[in-house]
Amino acid sequence: MLSNYPVIFLFSPFLINQANIVIVLIIVVVIFSILLLLGVRKSYKLKKENEKLNSMNTKMPDEEEENYKDFTEGHMYDNK
């Protein structure tokens, strides 16, 4: 029994008890909660900006009057 004492003494800093596990888990949960909240906030901002951009009129005056031009009648498409 006495011969095992030095081995236990050397590895005692590596032994983990329940309190240490709970503290580490609390820290991890807090960090991931902060990241989750930041992601939800960013998603909300992007959705709001997307709705704003979709509501804007993006067509230029020249585009509305321009007719579609067929570009497939070239030598590369073998139209004879």
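One-based numbering along the sequence shown.
Under the side chain to side chain contact (heavy atoms under 4.5 Å, CB included) criterion, N17 pairs with A19, N20, not counting sequence neighbours. Partners of L25 by side chain to side chain contact (heavy atoms under 4.5 Å, CB included), not counting sequence neighbours, listed by chain and number: I21. Every residue meeting the side chain to side chain contact (heavy atoms under 4.5 Å, CB included) condition with I23, not counting sequence neighbours, appears here in chain and number order: I27.
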Quiz item: After noting the C-alpha distance and the side-chain angles of E51 and N54, does the key distance pass the side-chain contact (heavy atoms from CB on, under 4.5 Å) rule?
Solution: CA-CA 5 Å; E51 289 174 357; N54 283 336; 5.8 Å; no
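Sorted by first and then second residue, the side chain to side chain donor-acceptor pair (under 3.5 Å) pairs with a member in residues 26-48 form an empty list; sequence neighbours excluded.
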